[in-house]
Amino acid sequence: MAAAMTTCSSAIAAASETLAKPASTRTFSATNLALQSSSSKLGFKSLRLRRCAAASGSALGARMVSVPAVKAPALLDFDTKVFKKEKINLAGHDEYIVKGGRDLFHLLPDAFKGIKQIGVIGWGSQGPAQAQNLRDSLAEAKSDIVVKIGLRKGSRSFAEARAAGFSEENGTLGDIWETVSGSDLVMLLISDSAQADNYEKILSHMKPNSILGLSHGFLLGHLQSLGLDFPKNISVIAVCPKGMGPSVRRLYVQGKEINGAGINASFAVHQDVDGRATDVALGWSVALGSPFTFATTLEQEYRSDIFGERGILLGAVHGVVESLFRRYTENGMNEDLAYKNTVESITGIISKTISTKGMLAVYNALSEDEKREFEKAYSASFYPCMEILYECYEDVASGSEIRSVVLAGRRFYEKEGLPAFPMGNIDQTRMWKVGERVRSTRPAGDQGPLYPFTAGVFVALMMAQIEILRKKGHSYSEIINESVIEAVDSLNPFMHARGVSFMVDNCSTTARLGSRKWAPRFDYILTQQAMVAVDNGTPINRDLISNFLSDPVHGAIKVCAELRPTVDISVPPDADFVRPELRSSN
């Protein structure tokens, strides 16, 4: 106990020293991540110890594993022999990126040197888009590298893959295990829970010195929870598009006439057995059409990605619109107008404005009276949103959320005498029926109204998520792509076309599970705390508003916006972007 108290005292001292620094330069050590930080910039009034003493006696401390529970921050610089590395400055921090473009496709044979076959395993959210983009880019580069789809025997996705131009006859479609065994780069794009249940067999089929490619760090998180890591005779890389698969393909096709458009991606090199890993990863990202590619680690990627899906990308925005729609209708607003002022506002004009001009442009577009409504909503919502986001991030970082996904995936099937419980749809309640009616009569190109109260809640959520990731040590490239760009340039345009409920029913399995779990938490806390504060006339926190207006993230977003392609994603209302494995059941 004395040792634990000494640790806690040291943590408090370290946190106090950290909090005295400017926000843009603060970093948290592994010890003071156990604290709920107090900052005059954020308006916190107290410093509260969060079970520091108890943590030292947890199961984590007693577990004997070969992988450390906490890793030092990785150096995110990298060397490439094929592509041009460029330095950008985001909020005072230098970061390195590689810009994409179709004029770089001729470099792909050099980037993929030594690779004869790329096996794309799975045909879910990312598989179809990545396989087709890779195939088309390599064809344009006049490369003879084969892109082959590997599926389970009897899978219904064989027909989908054949329709996309892959076939058994030309060697571009086949059995999963034959594809893994015969590939030099194995892109594992099956669901996260399926990866957790099948990784041993997959890894055992890979050739020595081949490369395992991931588009999500989930499998590393699962292995870490078991005290394991990847075999040392293969390279392990990741290229993670900051958007769902259909948007990766949609923008790639749209960008053919302007030297490329697409979804930004992060990349990570976890293991490199022969020095090729970085250029293979960058080549993969360029071939997907990524406008710019930034470095991360597998660990940072899965933390930010799983957290982001449960936050503003899906779960939190679902909870926000449910809460606001109910509030507006209960206060007498017409149902159609309430839907327009919630879902249509967020997925339309608010997202469009943030995408091209940033969050400050949303605020500056309002009249003085509307700004007061925005400030009232922002002030009341910021900390309630941050509370749930903070808890969510720590659940992801601790492995709890990863274990939840794995266990949920196993409940999809009958076992132990219990029935199967696959995920059901969430689009049958009144709000989503109203949404169908609103969209059916919506004029072409209508982006919905800029409703100030809704804007205040949504921007507060976005800023709270940015602050959590910033305090947890993520790079600004990762923060902005995971909290801003992926939301407004990838997911929200699809939500505008079909509704938030459609995305909750048709995103990746991990994202869909997370949304169902966390959306009610955001709905509840906004209803019980934020809206009560507004109704009680709680004064606006002027420090919060001042900090929002002067936050350095706005400058960083502007830099990223300048790297954005000129093409906006186009999603026709009748676009067929249902995940293939769900099409027959829905």
Side-chain angles (χ1 to χ4, degrees), residues 24 26-34 67-78 88 90-91 93-98 192 195 212-225 229-230 235-243 263-272 277-278 281-282 284-285 290 292-313 389-390 392-402 405 465-487 510-511 514 553 556 560:
S24 61
R26 294 181 196 146
T27 58
F28 275 23
S29 69
T31 302
N32 52 29
L33 285 181
V67 181
V70 178
K71 294 184 178 180
L75 180 64
L76 297 181
D77 194 5
F78 57 91
I88 59 174
L90 300 176
H93 298 264
D94 288 338
E95 299 185 22
Y96 295 93
I97 66 168
V98 167
D192 293 331
Q195 289 185 30
L212 176 65
L214 306 168
S215 279
H216 190 11
F218 184 96
L219 183 55
L220 175 66
H222 177 64
L223 292 176
Q224 286 178 334
S225 72
D229 205 337
F230 295 98
S235 294
V236 180
I237 63 175
V239 171
C240 309
K242 298 296 122 181
I263 297 293
N264 295 333
S266 62
F267 87 96
V269 175
H270 186 70
Q271 288 181 182
D272 186 359
T278 295
L282 291 171
W284 175 4
S285 186
S290 303
F292 80 85
T293 305
F294 61 93
T296 187
T297 67
L298 267 183
E299 189 170 53
Q300 290 288 77
E301 193 285 328
Y302 81 70
R303 290 184 176 190
S304 64
D305 189 80
I306 299 174
F307 165 71
E309 291 169 348
R310 284 139 183 77
I312 199 163
L313 301 181
L389 289 165
Y390 190 4
C392 181
Y393 186 95
E394 297 200 329
D395 272 9
V396 173
S398 69
S400 294
E401 197 67 17
I402 288 176
V405 171
Q465 179 161 316
I466 288 169
E467 188 65 14
I468 292 290
L469 289 173
R470 185 158 50 189
K471 288 298 187 290
K472 295 296 187 178
H474 293 263
S475 71
Y476 268 95
S477 289
E478 193 154 58
I479 292 168
I480 293 167
N481 276 279
E482 201 67 62
S483 303
V484 182
I485 295 175
E486 184 168 358
T510 300
V553 77
C560 290

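Side chains are part of it too, since the values below use all heavy atoms of this structure and drop only hydrogens, waters and symmetry mates.
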Below 4.5 Å, heavy atoms only, C-beta onward: do [X] and [Y] meet side chain to side chain?
X      : Y      : answer
Phe292 : Asn481 : yes
Phe267 : Val98  : no
Glu467 : Val553 : no
Ile402 : Tyr302 : yes
Thr297 : Leu76  : yes
Leu212 : Phe230 : yes
Asp229 : His270 : yes
Tyr476 : Cys560 : no

Please identify each residue that fulfils side-chain hydrogen bond (donor to acceptor under 3.5 Å, both in side chains) with [X], with sequence neighbours left out.
X      : answer
Gln300 : none
Glu486 : none
Ser475 : none

Quick one: which of Glu309, Glu478, Glu301 gives a salt bridge (charged side-chain N to carboxylate O under 4.0 Å, His left out) with Lys242?
Glu301
Between Ser266 and Thr296, do the side chains contain a donor N or O and an acceptor N or O under 3.5 Å apart?
no
Can you name the closest pair of heavy atoms from [X] and [Y] and give their distance?
X      : Y      : value
Thr510 : Arg310 : O-NH2, 3.0 Å
Ala487 : Leu313 : N-CD2, 3.6 Å
Gly217 : Leu298 : CA-CD2, 3.6 Å

I'd like to know if Arg303 and Glu401 make a salt bridge, using a cut-off of under 4.0 Å between side-chain N and carboxylate O.
no
As a quick check of understanding, evaluate ring pair (Phe, Tyr, Trp, His ring centres under 6.0 Å) for Tyr393 and His474, giving each step before the final call.
CA-CA 12 Å; Tyr393 186 95; His474 293 263; 5.7 Å; yes
